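Remember, it's 1-based here, ligands and their atoms both numbered in the order they're listed. Predicted, not measured: the structure shown is a model, and the values here were computed from it. One-based numbering along the sequence shown.
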Amino acid sequence: MLKNPAIEVIPTGQACGANIHGIDLSQPLDDPTFEKILAAFAKYGILVFHEQNMLPQQQIEFSKRFGEIDIYVLSEYTLDRYPEILLISNVQKNGKNIGLADAGTTWHTDTSYLKRPPLATFLYAKEVPIKDGVVLGDTIFSSAAAAYDKLNEAMKIKIEGLTAIHSYHGKHTARANLGRSNRIKPSQEENRALQPVEHPVVRRHPISGRKAIYVAAGECVSIPGLETEDALALIEELAAQITKEEFHYHHHWQEGDFVIWDNCQLQHLAVRDYELPLRRIMHRTQVKGPIPI
Ligand code: OGA
Ligand code: MN
């Protein structure tokens with residue numbers, strides 16, 4: 001057990017995110033240290049820990065401190081013996097993807113098509129694609145909370161109290177139309193867990209209470225009470241607001257990076273600028289959040 005390690009929280013200097021130094025996440029943490037990490041998580045939205053060396057079980061144990069582990073719906077892509085860990089990877093074995101090769105290829109917040117979408121996602125870089133000495137496959141994050149703050153008052157009033165319908169199939173149809181999806185189709189049983197759900201367009205953060213826009217283009221297919229055309233135009237407009245560069249933190253991965261992000265206040269995009277034989281292997285865990293309010 002690590003007792004009161006001298007951790008340092010260093011903001012990225014961009015619109016969101018902080019680096020955390022001085023901690024080995026493979027070790028169990030004492031409660032005061034975990035509380036510091038949780039407070040930094042709620043404040044900055046993304047925490048980056050460099051040079052970590054974690055076994056799958058250690059990643060699972062650390063993730064569990066934040067809540068109940070959410071097991072990914074497509075069991076085909078989870079790690080052998082560790083269903084809690086989802087492989088994000090372009091690597092193939094016997095002609096098949098070993099993990100999700102299309103994760104995050106459009107702007108989104110993770111699995112918002114669930115009734116209880118995740119509070120946090122944890123991504124651990126096991127192998128990163130390197131070309132001519134440069135690591136490819138960056139992830140770009142954007143603060144949907146800062147984006148909400150900067151909306152004009154008329155828009156804040158217009159969207160207050162609205163809800164949107166989030167759909168797994170909406171998201172992946174939109175990705176496929178852009179040529180950015182190549183995953184297997186969910187089985188009938190998996191499809192039962194993938195019914196569209198309704199969430200508020202503006203949600204309050206479960207820890208800080210801060211408001212954030214909670215819609216994603218493609219994934220959000222309608223807004224009850226609005227004509228489809230008006231709803232889709234509003235979703236596009238809000239998505240464009242969230243993804244403005246002024247709200248970004250750009251993460252350039254190194255092997256051993258362990259990154260946690262807050263799905264209640266951020267969106268993110270995977271930059272898919274590498275192909276085999278360049279390999280990328282990431283281990284992902286995610287924990288359930290509350291029903292958005
Ligand atoms: C994810 C995701 C981004 C990346 O795993 O949810 O969006 O860069 N990943 O792999
Ligand atoms: Mn994602």
Side-chain angles (χ1 to χ4, degrees), residues 16-17 45-48 56 59-60 63 66 69-74 76-79 82-91 97-114 117-130 134-144 166-168 170-172 174-175 178 180-183 194 212 214-220 239 242-243 248-276 278-289:
C16 44
I46 304 144
L47 301 180
V48 179
Q59 177 169 347
I60 292 165
S63 306
F66 288 74
I69 301 267
D70 207 4
I71 294 184
Y72 195 68
V73 62
L74 301 179
E76 171 103 2
Y77 298 132
T78 56
L79 194 61
Y82 297 99
E84 299 91 337
I85 295 198
L86 173 66
L87 279 166
I88 305 295
S89 184
N90 67 329
V91 172
N97 288 314
I98 62 166
L100 289 181
D102 61 354
T105 47
T106 51
W107 280 100
H108 67 290
T109 167
D110 286 332
T111 60
S112 66
Y113 49 78
L114 299 176
L119 170 69
T121 302
F122 308 77
L123 201 60
Y124 177 37
K126 299 285 291 176
E127 207 173 318
V128 293
I130 303 179
V134 178
V135 178
L136 302 176
D138 291 359
T139 310
I140 308 172
F141 296 89
S142 201
S143 170
H166 294 237
S167 152
Y168 175 92
K171 174 173 170 173
H172 291 289
R175 268 188 200 166
L178 293 166
R180 296 190 205 164
S181 184
N182 60 359
R183 63 182 60 191
L194 293 173
Y214 197 63
V215 298
E219 185 145 13
C220 291
I242 294 170
T243 57
H248 288 187
Y249 162 66
H250 197 119
H251 189 67
H252 190 58
W253 292 89
Q254 293 164 31
E255 205 174 292
D257 280 357
F258 185 80
V259 174
I260 316 176
W261 63 81
D262 182 340
N263 290 296
C264 310
Q265 57 172 318
L266 297 173
Q267 291 202 4
H268 56 283
L269 173 72
V271 180
R272 194 63 167 77
D273 57 356
Y274 56 91
E275 292 303 332
L276 289 171
L278 300 181
R279 291 157 51 102
R280 189 174 189 260
I281 303 181
M282 321 289 266
H283 283 182
R284 178 172 114 177
T285 37
Q286 131 177 340
V287 296
K288 288 187 203 293

- Query: Short list, please: which atoms of ligand 1 are under 4.0 Å from a heavy atom of Trp261?
  - Reply: 1 (C), 6 (O)

- Message: Check the orientation of Trp253 and His251. Use parallel for under 30°, tilted for 30 to 60°, and perpendicular for over 60°.
- Response: perpendicular

- Nearest to atom 4 (C) of ligand 1 by heavy atom, Met282, Arg280, His108: which? Arg280

- Polar-atom distance check: Thr139 versus ligand 1, any N or O pair below 3.5 Å? yes

- No-hydrogen, no-angle side-chain donor-acceptor test under 3.5 Å, Asn263 and Ser112: no

- ligand 1 to Gly104, heavy atom cutoff 4.0 Å, flagged ligand atoms 7 (O)

- Query: Polar-atom distance check: Arg284 versus ligand 1, any N or O pair below 3.5 Å?
  - Reply: yes

- Message: Of all the N, O or S atoms in His268, which has the shortest distance to the Mn ion (ligand 2)?
- Response: NE2

- Message: So which atom in Thr139 and which in Arg280 form the shortest heavy-atom distance, rounded to 0.1 Å?
- Response: OG1-NH2, 3.7 Å

- Please find out if less than 6.0 Å separates the ring center of His108 from that of Trp261. no

- Message: Quick check on Thr121 - does any of its heavy atoms sit under 4.0 Å from an atom of ligand 1?
- Response: no

- So which N/O/S atom does Asp110 have closest to the Mn ion (ligand 2)? OD1

- Measure from atom 2 (C) of ligand 1 to every heavy atom in His251, Gln267, His268 and give the option owning the shortest one. His268

- Provide the number and element of each atom of ligand 1 under 4.0 Å from a heavy atom of Asp110. 6 (O)

- Message: If we ignore hydrogens and angles and just use 3.5 Å, is the side chain of Gln267 paired with the main-chain N or O of Val215 as donor and acceptor?
- Response: yes

- Item | Test of ring centre spacing under 6.0 Å for His166 and Tyr113 | no

- Heavy-atom contacts under 4.0 Å between Leu123 and ligand 1: side chain, backbone, both, or neither? side chain

- Could you list the atoms of ligand 1 found under 4.0 angstrom from a heavy atom of Ala270? 3 (C), 4 (C), 8 (O)

- Shortest non-hydrogen separation from Ile60 to Ile69 and the atoms involved: O-CD1, 4.0 Å

- Item | Parallel, tilted or perpendicular: rings of Trp107 and His248 (30°, 60°) | tilted

- Which of the atoms of ligand 1 are close to Ile88, meaning less than 4.0 Å from one of its heavy atoms? 5 (O), 10 (O)

- Within the side chain of Gln59, is there an N or O that forms a donor-acceptor pair under 3.5 Å with the backbone of Tyr124? no

